[in-house]
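Reading through the structure tokens given below for one structure.
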Amino acid sequence: MQVVVRDNNVDQALKALKKKLQREGLYREMKKRRAYEKPSERRAREKSEAVRRWRKLQRKRAAREA
């Protein structure tokens, strides 16, 4: 991943790099790999994420219909 530094403005380049890393999901991945996650915890987390996604989809559908 590359970021162009313009006019020696490192702060702006660093901000752009952080935004790219955030979009790629790298911070989430690093946090997830920081400690071991038991398989049962992983299943519970994935199930709760799926429920959250489903509810969000239902809200969007309800908003479109109303």
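FYI, side chains are in, hydrogens and waters are out, and symmetry mates aren't considered; it's all heavy atoms of this structure. Model, not experiment: these values are computed from the prediction.
Taking both residues in full, the closest heavy atoms of E24 and M1 are given as CG-CE, 3.6 Å, listed atom of the first, atom of the second, then distance.
There is no path of hydrophobic side-chain contacts, each under 4.5 Å, that joins V5 to L21. Tracing side-chain contacts under 4.5 Å through hydrophobic residues (I, L, V, M, F, W, Y), one never reaches L14 starting from V4; they form parts of separate clusters.
Atoms CD and NZ, from Q22 and K18 in turn, are 11.0 Å apart once rounded to the nearest 0.5 Å.
Screening R42, R43, K32, R45 for a side chain to side chain donor-acceptor pair (under 3.5 Å) with E37, the sole residue that qualifies is R45.
Contacts classified as side chain to side chain donor-acceptor pair (under 3.5 Å) and involving residues 52-66 (residues at least two apart or in different chains) are not found.
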